[in-house]
There are 2 protein chains.
Amino acid sequence: MSSPSAVESFPAHTSAASQIFTTVLSQGPLTRLEVARRAGLSAAAVTKAVRPLIEAGYLVEDVDEDARPALGRPANLVRVDGGRALFIGVKVTGDTIIGVLTDLCCRILVARHIPLPARDPRAVLGTAAELVRELLIEADGLGVRVAGLGMAVSGDVDRAEGVVRYSPFLEWRDVPLAELAAMTTGLPVTVDNDVRALTVAEQWFGAGVGLSGFAVVTVGAGIGCGLVVHGGVVAGAHGVAGEIGHVTVDPAGPRCHCGNRGCVEAIASDDAIVRQVRAATGVQVADAVEAAGLAHDGVAGAREIYARAGDAIGRGIATVANLLGPERVIISGEGLAAYDLFADHIRDAFATAAFGSAARCDVQIRPLPFDEWARGAAATAIQSFIRSDANQRGRGGEQQP
Amino acid sequence: MSSPSAVESFPAHTSAASQIFTTVLSQGPLTRLEVARRAGLSAAAVTKAVRPLIEAGYLVEDVDEDARPALGRPANLVRVDGGRALFIGVKVTGDTIIGVLTDLCCRILVARHIPLPARDPRAVLGTAAELVRELLIEADGLGVRVAGLGMAVSGDVDRAEGVVRYSPFLEWRDVPLAELAAMTTGLPVTVDNDVRALTVAEQWFGAGVGLSGFAVVTVGAGIGCGLVVHGGVVAGAHGVAGEIGHVTVDPAGPRCHCGNRGCVEAIASDDAIVRQVRAATGVQVADAVEAAGLAHDGVAGAREIYARAGDAIGRGIATVANLLGPERVIISGEGLAAYDLFADHIRDAFATAAFGSAARCDVQIRPLPFDEWARGAAATAIQSFIRSDANQRGRGGEQQP
DNA sequence: GCTCCTTATTTTCCGCTGTCAATGAAAGAA
DNA sequence: TTCTTTCATTGACAGCGGAAAATAAGGAGC
């Protein structure tokens, strides 16, 4: 295990090298030949690109006892040495900051939550810095340097500039978060929208590996959606994209905070569900957990609300599928704690509203723990780390067929 | 003017060369320096790539009298010689085949319509072949060879294989149209979905030039949508994409042929409008033209139907904008003959339903003549021609920042 | 007309990348 | 042992694209 070293750049200076590393990173141990096939390169190119990465300790070689071919020379597997570098991911929510320490393979080593005293940039930055400090101490204990910090915030975030343009939730405008956090922590900082960050994590380390088009739908306090098209995460021209929460499901439905009626979010967000369950049952449930409890107890009114919410989500997903034809939709988010109340309705509504072959899209319900959002932030940091000086041009995202 | 020559491949063997040519093709006469800037290359690279293209006659040099800099050496403009090669585009509709002869700049030189006796592949192929033959004679008259044929068909089309997987409209399944048409006509054939073809034309020669994300929405017999994301046309994993026509606008609305209720198409397609105008006014209008006439005459019931249709389209577009954040939406299609009855309602509904900054998306209403569809088909042929042997990898579409 | 200044384009190197074809390595089979 | 098969590496090499220097083509000043 190497000791924390000075700033040293990632030794992948060509686009091919970083593509090869990304392939190994996300598709797990592979033989060089297999890497070549998947990255669309010659075996020679892989050999040449892999060597410096092994020398620098980012890749290691394994022998495969299992997947040995029936005949011929056995292959040597190449895989990423997760322990070579650490990353910190931070997700800012309304009342808590969640932080994780991950390795280079984006495996969570330590997770911490800290309550947030206030939502202004100063308070958030201070609290986040405290959290980072704690995680840095953990990292010190491991004797591995932390190579980057990723921060995930909801709203319109300009990742390239590291600026939070507008976060309605935090009531921030044009906060240069990356710069501020870099000054405070001394780490290279990546800032991105929270849903997009989660999408990056799924693309590289989750259910989106190897897909060139998929969607991540998050259900909880809000309804969000991260989209990958042509291998890149969609950011939107004006900072808006993936607003599945404001797809209209029922123009006569409940009013949404956005001003319209019957948005998915006005029917299926935690708040909306709580409000509707109260109205339907007369029980003054305090939060989504209690609302779900009521439904689990078999109270018909509450169950009905969940059914309607699942229906709205399913329709929203069908809209995405009809428009983009993703290979897969991954449904996640803390709202899925009430998983069993939703799932069938989501699937049914999707199947009904999906047009033609769009129904063949693979809909996965994947209840991810809350820490997963912070892991998404770490994933963006890993992404930035790998690209560091290479890839000046890659704007939208890695092309990863 | 060169005489029709034997098969000769397009001299852009590197990705940079074809990118440079594409830039000049779609962004019109440019100085070499400007090309370099837009393509993200050095001036030297442009000079080197341009030379063989000029020698082969695809590019020509112009002097700019106007845009001469105040100081310094005047720039030489480079532009595509449209007359260097011709293309034929064919669009198959339910009862007609539309064909156009275009030059390399995709300018329509000749347009022809032929009635279609039947919809089976044999009939379509025969009629199309006749049309192509006529256009080839026109081309002969110009003394320039026809370098490709593009065919646009509605439905699920596999462009890479040249196969029409499923066209509900024509009732085709797995018809290897490219192969059949190539045998019949002796031309290199490209087959693509009609809306995608139109989108390619807009991307290269229309209102989408220079944009990396935009949408084309077509209004008419159906409501379709072509999407460009990250510079590439979205094709969808299972052949479905851009089905804005089946976005639900009103779950209590009229039944759609897809089985659901209140799809945009069930409210705003020509058929739907005719049906609704009949019901609202009691007048047995025969087609969309008569329905529009009624509305133009000020019949309130008819105007109301158009208002509702415009509203549905506007909401559908807002859904696209909320999900993808395109820089621009181009609304087109033969249905726009009734332009003035729609337009304000489209804009209003869009403005209302667009979430946050998504409303900043530029919505253009662009009534394109019907021939434009066939021009789209020609554009796909031009695209294939340029890529011919180069660019083995470019799957989704040109990256064009 | 000559010189200088500015901008556009071309030329000349030059490093570097990724491919090709040949070679080496590591098994199991005959 | 010798083949055969598959994986991996090597070295020669073509060619791309960049940097910088050179060249070209005006206008302005004198």
Side-chain angles (χ1 to χ4, degrees), chain A residues 9 11-24 29-55 59-79 389-394 399, chain B residues 11-24 29-55 59-79 389-394 399 401:
Chain A
S9 73
H13 302 287
T14 91
S15 74
S18 97
Q19 194 194 357
I20 285 169
F21 185 81
T22 304
T23 304
V24 176
L30 291 172
T31 71
R32 287 172 174 76
L33 224 55
E34 190 55 31
V35 173
R37 220 166 293 137
R38 301 200 189 186
L41 294 164
S42 69
V46 174
T47 292
K48 284 182 224 179
V50 160
R51 195 186 347 259
L53 287 165
I54 287 185
E55 277 165 10
L59 293 181
V60 289
E61 221 161 355
D62 261 351
V63 199
D64 60 329
E65 289 308 327
D66 300 333
R68 177 173 297 184
L71 212 54
R73 170 179 172 174
N76 295 320
L77 293 177
V78 176
R79 67 175 172 80
D389 46 6
N391 263 26
Q392 304 286 9
R393 45 180 60 195
Q399 203 77 12
Chain B
H13 302 288
T14 92
S15 74
S18 97
Q19 194 194 355
I20 285 169
F21 185 81
T22 304
T23 304
V24 175
L30 291 172
T31 71
R32 286 174 175 75
L33 223 56
E34 190 55 30
V35 174
R37 220 167 293 138
R38 301 199 190 188
L41 293 164
S42 70
V46 174
T47 292
K48 282 185 248 183
V50 160
R51 196 185 346 259
L53 287 166
I54 287 185
E55 276 166 9
L59 294 180
V60 289
E61 223 161 353
D62 260 350
V63 199
D64 61 330
E65 289 308 327
D66 300 332
R68 176 172 299 184
L71 215 53
R73 169 178 173 174
N76 296 319
L77 292 177
V78 175
R79 64 174 175 81
D389 46 6
N391 263 27
Q392 304 286 8
R393 46 180 61 195
Q399 203 76 13

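Naming: A, B, ... by sequence-line order, numbering from 1 per chain. Computation of the quantities below employed the complete heavy-atom set of this structure, encompassing side-chain atoms and omitting hydrogens, waters and symmetry-equivalent molecules.
Minimum atom distance to the side chain of A/R51 is reached by D/dT10, of the listed D/dT10, D/dG18, C/dT6. Out of D/dA8, D/dT5, D/dG18, the shortest distance to the side chain of A/T47 is found at D/dA8. In this structure, the nucleotide among C/dT19, D/dT9, C/dT6 sitting nearest to the side chain of A/A45 is C/dT19. You'll find that the side chain of B/L71 is closest to D/dA28, out of D/dC7, D/dA28, D/dA25.
Going from atom CG of B/L30 over to atom C1' of C/dT9 covers 15 Å, rounded to whole Å. At whole-Å resolution of the value, CD1 in A/I54 and C1' in D/dA8 are 12 Å apart. Going from atom NZ of A/K48 over to atom P of C/dA21 covers 14 Å, rounded to whole Å. Atom CZ of A/R73 and atom C1' of C/dT23 are 12 Å apart (whole Å). Rounded to whole Å, the distance from CG on A/N76 to P on C/dA25 is 14 Å. Counting to the nearest Å, the P atom of C/dT9 and the CG atom of B/L77 are 8 Å from each other. If you measure from atom CG of B/L59 to atom P of C/dT9, you get 13 Å, rounded to the nearest angstrom. Atom C1' of nucleotide C/dT9 and atom CG of B/L41 are separated by 16 Å, given to the nearest angstrom.
A/A44 comes within 4.0 angstrom of a nucleotide base, judged by non-hydrogen atoms across all strands. Using a 4.0 Å heavy-atom criterion, one finds that A/A16 contacts the sugar-phosphate atoms exclusively.
The side chain of A/R32 places no N or O atom within less than 4.0 Å of a non-bridging phosphate oxygen (OP1 or OP2) of C/dA25.
Nearest heavy atoms, A/L41 versus A/A45: CB-CB, 4.3 Å. Taking all atoms of both residues into account, the shortest heavy-atom contact from A/T23 to A/R38 is CG2-CB, 4.0 Å. Of all heavy-atom pairs spanning B/V50 and B/I20, the tightest one is CG2-CG2, 4.2 Å.
Using a distance-only test at 3.5 Å, with no hydrogens or angles considered, no donor-acceptor pair links the side chain of A/E61 to the main chain of A/N76.
Once rounded to the nearest 0.5 Å, the distance linking CG of A/L77 with CG of A/L59 reads 12.0 Å.
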